[in-house]
There are 2 protein chains.
Amino acid sequence: MEDFAAVSGISRPTLSKFFNDPGSVRVSTKKRIEEALEKYDYQPNLYAINQNRRLTKNIGVVVPYLSDPFFAKIARVIEDNILETGYKPVLLGSHGRPELEIENLENLRSIKPAGVLLAPLGRASDRAHVDTFCNDVPSVLFDANIDGIGAPFVGSNNEQSVGIMVDYLCRTGEPPTFFEMKSPTNPNAFKRRNAYIASMEALGHEPNLIQAAGEGWEFEEIGFQEGRRVVRGGKLPTNTILCSNDRLAIGFLSAAFEEGVRVGLEPECTLRVAGHDDHPFSRYTCPTLTTVSQDYEAIAKRSVETLFERIEGKTTADSQEETLFDGRLVMRASA
Amino acid sequence: MEDFAAVSGISRPTLSKFFNDPGSVRVSTKKRIEEALEKYDYQPNLYAINQNRRLTKNIGVVVPYLSDPFFAKIARVIEDNILETGYKPVLLGSHGRPELEIENLENLRSIKPAGVLLAPLGRASDRAHVDTFCNDVPSVLFDANIDGIGAPFVGSNNEQSVGIMVDYLCRTGEPPTFFEMKSPTNPNAFKRRNAYIASMEALGHEPNLIQAAGEGWEFEEIGFQEGRRVVRGGKLPTNTILCSNDRLAIGFLSAAFEEGVRVGLEPECTLRVAGHDDHPFSRYTCPTLTTVSQDYEAIAKRSVETLFERIEGKTTADSQEETLFDGRLVMRASA
DNA sequence: ATTAATTCTTTACGCGAGTAAAGTTTTATA
DNA sequence: TATAAAACTTTACTCGCGTAAAGAATTAAT
């Protein structure tokens with residue numbers, strides 16, 4: 001940088017200022033620097049920069065599973081939102097493992113990020129560890145909330161989204177039976193279960209739950225196995241299934257197909273199946289999956305905004321507000 | 001670190017050595033350090049460390065699309081392999097955009113990584129830029145090769161994998177028609193096309209190509225649209241379709257289902273569809289997709305090994321060897 | 001026990017920036 | 001045009017660690 005200062009005819013401190021925020025220098029000097037930059041193509045050393053900065057311009061983004069298209073999608077939108085602010089997103093996936101989630105957070109710590117956006121594993125997360133982390137580093141939780149953590153939360157309004165789906169299903173056919181995992185890892189699952197029960201009761205129907213055994217994140221497989229069992233058993237309370245999420249529904253549909261059960265709205269169909277999330281693949285299932293779309297854009301945008309409010313100290317650390325976005329019914333062929 | 005040296009009773013240079021490679025100090029001192037570490041939990045500053053190291057312990061991994069389950073899968077396996085070596089993987093996705101691919105590489109440069117594993121976009125990649133990068137930084141290409149780049153390549157043996165699939169299909173029914181994109185971004189697509197043609201001719205059959213219009217990485221949609229057109233048109237050369245990749249096949253199957261065309265091996269089916277890659281979702285399509293599995297583990301492992309050979313200077317920079325792994329036929333219900 | 005080979009400690013400098021302070025030049029305001 | 005404000009230059013120190021060199025302490029080999 002010393003050398004570049006010499007050849008460009010601009011003092012090193014000014015250059016330093018420029019690289020931190022190009023807008024903080026006079027337009028004329030900014031132009032001179034940019035011209036010199038073209039000519040000598042110098043690039044400040046990332047490590048030296050960050051060594052002396054209290055906070056870097058990095059923002060960590062941690063999700064449970066990077067290979068889950070749902071998280072991949074929301075992570076991508078969040079990435080875009082962060083880039084627009086001039087910060088650099090650092091994506092990390094926890095592969096569904098609590099140890100890795102913690103390790104990711106610790107690694108982020110050593111990067112001294114300006115803030116962190118965390119979609120926690122949920123039930124499996126090390127609550128205490130996440131909590132201390134959120135107290136040390138400006139953080140915002142998204143997708144899944146952990147109660148009692150000192151960080152704002154941005155996510156979907158499961159009451160509303162499950163509500164409109166139950167409404168829709170009841171209006172157009174038999175009331176749905178809820179298909180879920182017995183002991184879900186994801187906190188949203190519990191909210192959806194409760195929302196289902198509440199909606200059903202509000203409409204004067206009796207709630208029915210089918211709870212699949214199985215742990216982990218292999219939702220399609222669990223949906224498939226339990227779906228096959230259920231379809232074979234043939235003793236469904238109603239002819240309509242509402243799955244707790246699309247991945248379960250994808251497995252369920254696959255099982256139904258294999259068992260020769262026709263799913264959909266056509267007269268010859270004996271079953272209706274709906275999902276939740278508008279998973280990228282739900283557009284291509286057979287039949288295409290009726291589901292509730294989460295407002296990815298809004299969630300991503302608000303998460304980033306909320307994080308920057310925390311970073312800039314506009315909100316107090318203990319303000320634990322919760323922002324929920326409504327879902328949108330996506331009507332397709334399966335229900 | 002100075003402070004930690006004081007309280008732990010070990011000199012700073014020795015500590016420095018320890019953190020670089022815990023095995024490089026005497027076991028007795030290693031133990032003493034670890035005990036002190038428990039007690040005072042000190043963590044060296046990442047930026048200060050890397051500022052003075054010529055090469056960091058980071059390894060960049062760049063793939064075209066992190067949200068594509070195929071890349072997510074192979075990236076994950078590669079991650080594991082890197083972690084085993086004590087290095088730190090840094091995952092980056094290019095979102096299918098050549099500018100972002102270049103930006104990712106430039107960002108990696110400023111991180112001074114020990115090496116980079118790159119799955120290039122392919123045809124869209126900025127060949128010259130990638131080439132200079134590979135000359136500056138020890139790199140290995142995987143998944144997709146770019147001819148004339150000075151870096152080793154590790155990938156699938158498309159000749160073999162398409163070959164066994166064509167063999168299988170011809171042996172068990174009508175010879176396949178090849179379904180692909182007219183102008184694919186991915187270099188593998190060309191190899192598969194040629195492999196298909198060669199295999200068909202070797203078996204004495206006439207090759208037939210269906211080439212879908214459309215650009216970009218929305219393969220399912222392209223497969224769906226063109227699949228519907230083809231199925232509706234009804235003038236297929238044979239009753240068997242071999243798709244250039246699983247994502248096209250997933251779209252195709254969805255279209256076939258919607259059009260009421262039964263796909264599979266059962267007597268009532270009028271069409272067979274096969275794919276390529278053993279995409280994570282191919283297990284759950286309707287019917288389940290017969291495909292060729294790439295040897296993810298082997299490709300990941302060898303990629304990492306090859307990279308370390310380059311890093312350690314065992315291979316010359318211009319050695320441009322190519323390692324290909326055979327695919328494995330995965331017989332399911334669709335063909 | 002003696003010698004040689006390892007491993008540590010001490011001391012000291014370097015990396016590439018951030019940043020503070022004081023003085024100088026440029027630009028905006030009156 | 002005078003004056004104040006803003007932006008810049010100079011100088012100098014800091015950050016936290018890598019690393020080299022020389023000598024002291026420990027361990028292994030004879």
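Computation of the quantities below employed the complete heavy-atom set of this structure, encompassing side-chain atoms and omitting hydrogens, waters and symmetry-equivalent molecules.
In this structure, A:L46 atom CG and C:dC15 atom C1' are separated by 15 Å, rounded to whole Å. Spacing between atom CZ of A:F4 and atom P of C:dC15 amounts to 20 Å, rounded to whole angstrom units. Spacing between atom CZ of B:F19 and atom C1' of D:dG16 amounts to 12 Å, rounded to whole angstrom units. Separating the CD atom of B:E2 from the P atom of C:dT10 is a distance of 11 Å, rounded to the nearest angstrom. A straight line from CD1 of A:I10 to P of D:dA7 spans 15 Å, rounded to a whole angstrom. As a whole-Å value, the separation of A:R32 CZ from C:dT26 P is 10 Å. Computed from coordinates, the B:K30 NZ to C:dT6 C1' distance equals 17 Å when rounded to whole Å. Spacing between atom CZ of B:F18 and atom P of D:dG16 amounts to 20 Å, rounded to whole angstrom units.
At the phosphate of D:dG18, neither OP1 nor OP2 sits under 4.0 Å from any side-chain N or O atom of B:Y47. Checking the phosphate oxygens (OP1, OP2) of C:dG16, no side-chain nitrogen or oxygen of A:Y42 falls inside 4.0 Å. For C:dC8, the OP1/OP2 oxygens have a side-chain nitrogen or oxygen of B:T29 closer than 4.0 Å. Between A:S11 and the phosphate of D:dC8, there is no side-chain N or O to OP1/OP2 separation shorter than 4.0 Å.
Residues B:L15 and B:A48 both approach DNA chain C. Their nearest nucleotides, taken by heavy-atom distance, put B:L15 toward the 5′ side. Remark on DNA chain C: of its neighbouring residues B:T14 and B:Q51, the 5'-side contact belongs to B:T14, judged by nearest-heavy-atom nucleotide.
A salt bridge does not link A:E34 to A:K31: none of the charged nitrogens lies less than 4.0 Å from a carboxylate oxygen. A salt bridge is absent between A:R32 and A:E35: the closest approach of a Lys/Arg side-chain nitrogen to an acidic carboxylate oxygen does not fall below 4.0 angstrom.
Checked against the 6.0 Å centroid threshold, B:Y296 and B:F70 count as a close aromatic pair.
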Could you list all N or O pairs between the protein and nucleotides 19-21 of chain D that sit under 3.5 Å apart?
residue, atom, partner, partner atom, Å
D:dT19, O4, B:R12, NH2, 3.3

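Around the NZ atom of B:K88, the shell of radius 6.0 Å holds more than 12 heavy atoms that belong to other residues, nucleotides or ligands. Few gaps surround NZ on B:K73; more than 12 heavy atoms of other groups in view lie less than 6.0 Å from it.
Taking the six-membered ring where tryptophan is involved, the planes of B:H95 and B:Y65 are perpendicular, since the angle between them exceeds 60° and thus also 30°. Ring geometry for A:F4 against A:Y40 counts as perpendicular: the plane angle is over 60°, on a 0 to 90° scale with 30° as the lower cut.
In the set D:dA7, C:dG18, D:dC17, C:dG18 carries the atom at the smallest distance from any side-chain atom of A:M1. In the set C:dT9, C:dA17, C:dT7, C:dT7 carries the atom at the smallest distance from any side-chain atom of B:R26.
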